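Note that this is a predicted model, so its numbers are computed, not measured. The sequence lines fix the lettering, A, B, ..., with proteins before strands; numbering per chain opens at 1.
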Amino acid sequence: MTDTVSTGAADAPRYDFRTAEPKWQAAWDARGCFQVNDVPTDNRPKYYVMEMFPYPSGKIHMGHVRNYTLGDVIARYKRARGCSVLHPMGWDAFGLPAENAARERNIHPAKWTWDNIATMRDELKRMGLSLDWSREFATCDPAYYGHQQKLFLDFLRVGLVERKESWVNWDPVDGTVLANEQVIDGRGWRSGAPVEKKRLSQWFFSITKYAEDLLAALGSMDRWPERVRVMQENWIGRSEGARLHFELTQPIAGIDRGEVYTTRPDTLFGMSFLALAPEHPLAAAAAARDPAAAAFIAECRRLGTSEATIEAAEKRGFDTGLRVRHPFLKDATFPVWIANFVLMEYGTGAIFGCPAHDQRDLDFARKYGLDVKPVVLPPNADPANFSVGNEAYVGPGTIYNSDFMDGLDVDAAKRAVIAELERLGIGEGVVNWRLRDWGASRQRYWGCPIPVIHCAACGVVPVPDDQLPVVLPDDVTFDRPGNPLDHHPTWKHVACPACGAPAVRETDTFDTFVDSSWYFARYCSPHADVPVVREAVEHWMPVDQYIGGIEHAILHLLYSRFFTRAMKATGHLDVEEPFAGLFTQGMVTHESYRAADGRWLYPEEVDRLPDGAAIERNGSSPVTIGRVEAMSKSRRNTVDPGAIIARYGADTARWFILSDNPPERDMEWTEAGVAGAYRFTQRVFRLVESLAGGSAAAPIGEPGPAARNLRRATHRTIAAVTEALETFAFNVAVARLYEFANAIGEAERASDEPGLDWARQEALETLSRLIAPMMPHLGEELHARLHPSAAQLVAELAWPEADPALLTAETVTIAVQVMGKLRGTIAVPPGAPRDAVLPAAKADPNVARALEGKRVVKEIYVPDRIVNFVVAG
RNA sequence: GCGAGAGUGGCGGAACGGCAGACGCAGUCGACUCAAAAUCGACCGCCGCAAGGCGUGGGGGUUCGAAUCCCCCCUCUCGCACCA
């Protein structure tokens, strides 16, 4: 055949993604390319890749596109590498926005949610993701949440769930309780309203029972980002110290002592006061007899955690007039204060204050004129002169002024004092955790009902398994504040399953984080009539690669780790860690635009001028170009994926999003970048068109140099792209494919030498397959054009293998340095011997000039890399 | 304050201790066009006419050789933050 190099023709064939993309999506679908069995029927290695499932808020956004593209590249690559790949998708479908829509627009939350799911499913399908759609589910479906109720009841049976009264975070705007994890800087994570403290009866998952294990396991999770592990570590917050009690000189309201937790028991002799959290029972006892104390406590509560944050530096206290005895100093007593900086949630809600060696205690002591008595002497300090000013001494040193601890260092003193406290029976060494149990009750309609019944006679009665699922009623109204389930005329009134007497259903629903704490397990057997089928989860779990945003570093990921352990404890599965590998992607950002009158403008409302300035599209008034920041509706710097896919195709969107930068960093979405990616799809298509479908035979004799070089480029690209995909360096994989396309284009221009078409055929075929994880539709289209009668799709083909013999170039260029500075390059065969290379290096004119008149004292030669002459003088 | 990460052309970014800036975007010039778009070709770190010099946040060090390893410092981003 002859080479018909079509370059630059105006009528060059154009890749029509509008017909190609639906065509290949239908082909994958028809052949069930991405479906796997719950329990394997072959012995291929399993690979479970999953992205965080979306909340069906309306339409997909660019963050989804990035997330699902990343996962899809991995899924397609692993499939080509011979794995049986589980790649599922579903919907995190319960949540407050659905109720807000109901209140604001009078749409039922279920309808709003299912309509959004339909829209978003459609959009995801247009992306050409290699998902097993037969596993799709939504968490708002009783077929899902009924099993969640079963899990809850199982957890209840083994004591991993309990109902207890506690101080909770109350969001006055959303009208619900929030978990600690959902309070950001003292404000509700959704509403942004200052959170109040309330005492309520709530359901708690006993996540603290696994504190030790959740922390210890982080150490071996080497495929998680360091960042996330550290965040979880801090959140779990292990500390070692002592718990001890102080006797009150006079009991109050039946209380005769106060218990504190400290990590510095070695400073016990430096005590000058005891401080209570405002919510502490002893504080309440003091308030009961002293209106001033009550007023102080009320003031603390009114300020709440939110404004307390703003006033963080301001320490406030109230002296109750109570006094406690020191455990070791016979006659010493100390005042008991209520202090706003002591947290009821941590330790025992009470501390002993040692101002000399704790900055907070020192600030407090200075403000209220309390004693400051040093008991740790810094190295080389003079005990007669050492004193503490406005900075507490928290470093190492020798204990003094401390009776039996005198002369010990800090660690030895801690051991000594704990031993003494234990001997006297007034305290003990303990490990303390910052982690709290997970309060999961929410006073909301659009969530999974908590399957218990409250009976006046029997107490809390679990709903019997055979009455599950407890289904949400459809006929609810949103015309008044509060929980519609509670307002419903009949739903909550049921007979007690134990005694048959009239009883009341629990009207709280679960925190939606419960829904997402086990969905990865449900995907393994999504249609089973039990929560999970053991055989299926044992085959597929853990998730080999989980991908999502960093914003879930604590909440979702920690809850899921807990749930997996609890499911193991209740016999549902047999793994501890749900996610063996975790990848956290960066955000998608965009420039923001502002009109002269301050209105934010969408990118499509703005035109860029050649000089870089911007004007409004319909009016030519100037536009201020703002910062590049995360896409958000409020700043209107969003780009609708649906519009991009309609205009450029899914492959272009996928290619650009992968090519821009490393996936863990924030990427900037730009129109120019998308256009560049689109041009590449057309260029690659033209390369294949130019070969015009024939299959070229191998040459009889030795192929020409252009053919040989192209073959080497082909095999080196296979190796390079493989390596890049293995390490998540998708931007590098893209770069290697650009280079490869350039190499193919160059070969095209070579003379019609023997074997060139044959080498081009191999190159293009390889290109179609290497490109397919990123641009699957284009990959199929190229493959079909190269092999019009092919029986298999690229999606069904194995990954190309690089021939090791073709991985090195025929000649290598070696850099020649003199004293570490580059003076020239020489071309030699790979692995050329030292005594052939060094004379050639010296013969290079530039090198010769640099060596002139110098004495070479050392010659460094690293084969295929470098020559370096070290000279004297 | 504590912790984690990052500083490389106009921009995004490449680079087992071995030719810094691959690849893309933007830009410049040229070809093809009546013209434009598209396409194709060439150029594209800084200073310099050139020879050459200088260059990976700054300063030291190790090495024949450092963006890369070690020490000190600076800046930025993110997370946590009264946790006793």
Quick one: label [X] by what it contacts on the DNA or RNA (base, sugar-phosphate, nothing), any heavy atom closer than 4.0 Å.
X      : value
A/T670 : nothing
A/G676 : sugar-phosphate
A/V342 : base
A/R683 : sugar-phosphate
A/R865 : base

Taking only N and O in the side chain of [X], is any of them less than 4.0 Å away from OP1 or OP2 of [N]?
X      : N     : value
A/R434 : B/A84 : no
A/N742 : B/A22 : no
A/R316 : B/C82 : no
A/Y738 : B/G24 : no

| Under a cut-off of 3.5 Å for both distances of each Watson-Crick or G-U pair, what dot-bracket string does RNA chain B give, using [ ] for crossing pairs and | for inter-strand pairs? | (((((((..(((.....[....))).(((((.......))))).(((....)))..(((((..]....))))))))))))....

| For A/D607, all residues meeting side chain to side chain donor-acceptor pair (under 3.5 Å), sequence neighbours excluded |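 Residues passing side chain to side chain donor-acceptor pair (under 3.5 Å) with A/D607: A/R617.
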
| field | Non-neighbouring partners of A/Y861 that pass side chain to side chain donor-acceptor pair (under 3.5 Å), sequence neighbours left out | value |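 If we apply the side chain to side chain donor-acceptor pair (under 3.5 Å) test to A/Y861, skipping adjacent residues, there are no hits.
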
| query | If you look only at pairs with a residue in residues 716-736 of chain A, which of them pass as a ring-ring contact (aromatic ring centres under 6.0 Å, His included), with sequence neighbours excluded? | reply |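 Sorted pair list: A/F583-A/F728, A/F728-A/F730.
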
| Side-chain heavy-atom pair A/V734, A/F680 within 4.5 angstrom cut-off |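 Contact flag for A/V734/A/F680 side chains = no.
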
| query | Do the side chains of A/T825 and A/V816 get nearer than 4.5 Å, heavy atoms only? | reply |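 A/V816 does not reach A/T825 side chain to side chain.
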
| request: Sequence neighbours left out, what passes side chain to side chain contact (heavy atoms under 4.5 Å, CB included) with A/T652? Give chain and number order. | output: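 Side chain to side chain contact (heavy atoms under 4.5 Å, CB included) list for A/T652, sorted by chain: A/Y648, A/V674, A/A677, A/Y678, A/T681.
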
Between the protein and nucleotides 6-13 of chain B, which nitrogen or oxygen pairs come in under 3.5 angstrom?
from	atom 1	to	atom 2	distance (Å)
B/G12	O2'	A/D660	O	2.6
B/G12	O2'	A/D660	OD2	3.4
B/G13	O3'	A/N731	ND2	3.3

| said: By the rule that syn is within 90° of 0, classify the base conformation of B/G61 as syn or anti. | reply: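 The base of B/G61 is oriented anti (glycosidic angle more than 90° from 0).
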
| message | A/F273: which residues meet the ring-ring contact (aromatic ring centres under 6.0 Å, His included) condition with it, sequence neighbours left out? | response |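 In terms of ring-ring contact (aromatic ring centres under 6.0 Å, His included), with neighbours along the sequence ignored, A/F273 is linked to A/F364.
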
| What residues, two or more places apart in sequence or in another chain, satisfy ring-ring contact (aromatic ring centres under 6.0 Å, His included) together with A/F656? |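 With sequence neighbours excluded, A/F656 shows a ring-ring contact (aromatic ring centres under 6.0 Å, His included) to A/W669, given in chain and number order.
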
Look for any protein N or O under 3.5 Å of an N or O in nucleotides 52-54 of chain B and output each such pair with its distance, or none.
from	atom 1	to	atom 2	distance (Å)
B/G52	OP1	A/R849	NH1	3.1

| Of all pairs that satisfy salt bridge (charged side-chain N to carboxylate O under 4.0 Å, His left out), the ones with a partner from residues 840-851 of chain A, not counting sequence neighbours |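 Residue pairs with at least one partner in residues 840-851 of chain A: A/K842-A/E859.
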
| What salt bridge (charged side-chain N to carboxylate O under 4.0 Å, His left out) pairs are there with at least one residue in residues 860-869 of chain A, not counting sequence neighbours? |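 Every candidate salt bridge (charged side-chain N to carboxylate O under 4.0 Å, His left out) pair involving residues 860-869 of chain A fails, so no pair, neighbours aside, qualifies.
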
| query | If we ignore angles and hydrogens, is there a donor and acceptor under 3.5 Å between the side chains of A/N868 and A/R823? | reply |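 A/R823 and A/N868 do not have a side-chain donor-acceptor pair below 3.5 Å.
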
Got a list of protein N/O to nucleotides 55-64 of chain B N/O distances below 3.5 Å?
from	atom 1	to	atom 2	distance (Å)
B/C64	O2'	A/N868	ND2	3.1
B/C64	O2	A/N868	ND2	2.6

